[in-house]
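The structure appears right after this line, and notes come after that.
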Amino acid sequence: MNILEIKDLKVYYMTKNGPAKAVDSISFSVEKNKTVGLIGESGCGKTTTARAIMNFVKEPGEIAGGEIIFNGRNILNLSDGELRALRGKEITIVRQEAQNALNPVMTIGDQIAEVILEHERIDKKAAWQRAEKQLDLVGISHKRAKTFPHEMSGGMRQRGMIAIATACNPDFIIMDEPITGLDVIVQRQLLTLINDLRNRLNLTALFIAHDLSVVSETCDEVVVMYAGKIMEKADVVSLYQNPLHPYTKALIHSYPSIRGERRKLKSIPGSPPLLVNPPEGCRFHPRCEFATDLCRTVEPEIRRINGHSVACHIVK
Amino acid sequence: MNRKEILHVENLKKYFKIKKGLLGYLKKSDQEYIHAVDDISFSVGEQEVLGFIGESGCGKSTMSRVLLRLIEPTSGTIIFDGVDLLSLDKEDLRKHRRFMQMIFQDPFGSLNPRRTVSDTLRQTVRTHHLAATIAEEDKLIRQAMEEVELVPVEEYWDKYPALLSGGQQQRVSMGRVIILHPKFVIADEPVSMLDVSVRIGILELLEKIKQKYTISFIYITHDLSTARYICDRIAIMYLGKLVEIGPTEEILAHPVHPYTKALIAAVPEIDPTVKVKDVPIKGYVPVVPGESSNCRFFPRCPYAFEKCSTDSPVMQKIGKDHFAACFRVEEAL
C-alpha cells in the first residue's frame, strides 16, 4: 500500500529571468514500512521536493502543478488548519542543521512535549513523561530533558530532532540529510539509531542524501534526481549492482571507498545546469559521454527496464 | 623514508590559556590550559602527501595554523626546508610564507565576494611582487587559470565568486596558491563541502600540481575515503595527540590503535550488500583536557585496562614507517 504518491509534481522558483524549474514533473511513491532514498547533487531539487511534501514551499517558490496524495488526500488542497494538524503528527521532518531547527530558548524536553500537546488531548505532566521516554528511545538519557540545544553536541541535537519527529508516531518521516556535517563516528552512531528505529517503529520514510553511501545502508529503494528531474529509480541493491542511467553510473564511479581494492575513480565533467534555462532534450546530456543527437533534442520519457524506471534514450 | 625532508616537526605544543574568572583571581587559583596540540612530531618528504585525520576538535586545524606560524606555538621545533621557522623575525617569515600556502575548507568564504577571479589572483601577484608590469601580471594570472582548468580563461576572467560553482571556487583558491610556486601546501578539508561528483576533479588537480611543481602537502580531513586517494601516509589525531601514523594502505589494511579501527569502521559503505559492523567505541569526543597523564582515548576505549588510566603511551614502531601509541599493541597485532 502506498502511503505517499507524488504525481507529476512541479515546483518553480520565480526569478527575474523567468521561472527556475527546481522540480519539474517528478512522480514516485513510497510504500508503507519502506524507506526511499532520494539522492543527487546540490541544487537538484531534493530539499524542494521535501518542502513540497509538507506543502511548505514559500515565496518566491510555488507549486506549479501536480498532486501529492498522502493517505488518500491531496496535501496541496488542504486548508491551513488541516495542514497544521498534519505537520508534526502525520508527516514530520528531520532537518540537516539541528542547530537552526531547534528552538534555542526552550529545553529539549519542552520542545518534544510541545509537539505532543499540540496534537494530542493529554495533560502537561503526561506529555513531559512521554518526552522523557522519547529521549531514552533516541539514546539521550531522560535526565538531560532540561538541557538547552546549545548545551548539546551536534550528534545529540540531531538525536533530539529525531525524538521530536517520532514523538507522535508519524505515518511518514522525511529525513533531509540528517547526518551531513557531523563527524564520522557520530554519523555511524546516528545511522545505527535510524536503522534501529526503522525496525522498532516500522517507520515509513524518505531519506535525502547527496550520495549513495548513506542511502545504501538505510533504504529499500532509491530515486536518483538530476537538475529537477528523476533519472533513475530502482531497488537499492539492483541500482548499485546494475545501474542503467549514465548519471547513476557516474555517481557510483566517483565515490571513493575505503574497503576492498583501491579502484580508479572518475569525476563527472562540468557542473549541473542553471535551472532557469536548462539544456534542451535530456538535462544530463552536456555532461554525458554517450550523448547522441536524439539526447540533445528530445527529452527522454521514463521507461521500465529490468525492474528499473529510467529516463534515458540510450539504455536498451 | 628515502625522500628529502621538506618539513620536520618535533615536540610541537600549543596550549591555550583558559580565562580565569574574577573568582579565580581572588582565590589565586593556578592558570589552566587547554592542550590543543600536545607534543607532536613528524616529517613530510618532498612531493609527499601526509594526511591528518581526526574528528572535530582534535587539534588538526590548530596544528596547521601553528605550522605556518599564523599562531605561535607554545614550544617545539619546526624546520621548513632547512630553516628553523620559529627563529625567524617578521620580515624573514614573510619571505618564507610565499613557499608555504594554505587551501581552506569553505571555497566561498575564502574568496572576496567583491573581487572577480582575475582580481583575486592579481592581489596575490601584487602582494608578493611577482610582476613588474600589468602585462606580466596578466600573463601570470592567465597561466594560473589554465593550470587549474578555469578555461576558456576569458569566460572566467571577470566572474565574481557567487557565479561560480563550489568546485570552480575551490579552483580559484588553488590558482591563488599555484601562482606562488610553493614548496609546501596545507589543504584543510579542501573537498568536504563539495559534491561527490566534483571532489575527484579537485583531488586529481592536487595530484597534478604536486607532480608538476614538486609540492609537498598536508591534507587535513575527517574523511578517510578521500584521504586514501591522495595521501602517501596518514596520521590519526585524537585530542591533540598523534595516535597512529603510517603508509595509507598499510593503516587501512592493518590498523593498530582502537581509535583508528573505529574511524575506519565508521565510514559509510556504498555497497548495499555489505553489512557494516558497529563501531565498538561509545560516547562523544570530550572537551580537550589540560594536564593529564593517561591515554586520552581510554574513557572511550573498549580495550582499556588499568595502565591506560595512569600512564600515557608513547609512539612505538609497528612495521616499516608504521607507528602507534597504545599499550595494547601486542594484542591488537
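Every value quoted in this text rests on a predicted model; they were computed, and no experiment measured them. Below, read A as the first sequence line, B as the second, and so on, with proteins coming before strands; counting in each chain starts at 1.
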### Query
Do other residues, nucleotides or ligands put more than 12 heavy atoms under 6.0 Å from B/Lys159 NZ?
yes
### Summary
Separation between CG (B/Asp195) and CG (A/Leu251), nearest 0.5 Å, reads 9.0 Å
### Heavy-atom pairs under 4.5 Å with chain A, option from B/Asp223, B/Leu224, B/Val274, B/Ile264 with the top count
B/Ile264
### Query
With side chains defined as the heavy atoms from C-beta onward, is the minimum distance between A/Arg287 and B/Ser197 less than 4.5 Å?
yes
#### Entry: A/Ser267 side-chain N/O to B/Ile200 backbone N/O, donor-acceptor pair under 3.5 Å
no
### Query
At a heavy-atom separation under 4.5 Å, does A/Ser42 approach chain B through its side chain, its backbone, both, or neither?
both
### Message
At a 4.5 Å cut-off on heavy atoms, which part of B/Ala253 comes close to chain A: side chain, backbone, both, or neither?
### Response
neither
### Query
Would you say the side chain of B/Val196 lies within less than 4.5 Å of the side chain of A/His210, judging by non-hydrogen atoms?
yes
### Query
In terms of heavy-atom pairs under 4.5 Å, which option from A/Val214, A/Ile268, A/Thr180, A/Leu265 contacts chain B the most?
A/Leu265
### Query
Within a radius of less than 6.0 Å around NZ of B/Lys208, do more than 12 heavy atoms belonging to other residues, nucleotides or ligands occur?
yes
#### Entry: Choice from A/Ser153, A/Ser216, A/Gly139 maximising heavy atom contacts with chain B below 4.5 Å
A/Ser216
### Query
What is the distance from atom CD1 of B/Ile251 to atom CD1 of A/Ile258, rounded to the nearest 0.5 Å?
12.0 Å
## Note on the structure
Heavy-atom closest pair (B/Gln168 atom, A/Ser271 atom, distance to 0.1 Å) is NE2-OG, 4.4 Å
### Message
Tell me if the CG atom of A/Asn306 is crowded by more than 12 foreign heavy atoms within 6.0 Å.
### Response
no
### Query
What part of A/Gln187 gets closer than 4.5 Å to chain B, counting heavy atoms only: side chain, backbone, both or neither?
side chain
### Query
Is the count of non-hydrogen atoms from other residues, nucleotides or ligands lying under 6.0 Å from A/Leu274 atom CG greater than 12?
no
### Message
Ignoring hydrogens, what is the shortest heavy-atom contact between B/Val267 and A/Arg188? Give both atom names and the distance.
### Response
O-NH2, 3.5 Å
### Task
Could you pull out the closest heavy-atom pair between A/Leu182 and B/His222, with the gap in Å?
O-NE2, 4.4 Å
### Message
Counting only heavy atoms from other residues, nucleotides and ligands, does the tally under 6.0 Å from NZ of A/Lys34 exceed 12?
### Response
no
#### Entry: Side chain B/Glu269, main chain A/Glu217, donor-acceptor under 3.5 Å
no
### Query
Got B/Arg300 and A/Ile185 here, is their nearest side-chain heavy-atom distance under 4.5 Å?
yes
### Option that, when pairs with chain A are counted at under 4.5 Å, heavy atom only, ranks first among B/Val198, B/Thr226, B/Leu263
B/Leu263
### Summary
The interface call for B/Ile202 against chain A, heavy-atom contacts under 4.5 Å, is neither
### Task
Evaluate the side-chain proximity of B/Asp271 to A/Arg259: yes if any heavy-atom separation is below 4.5 Å, no if none is.
no
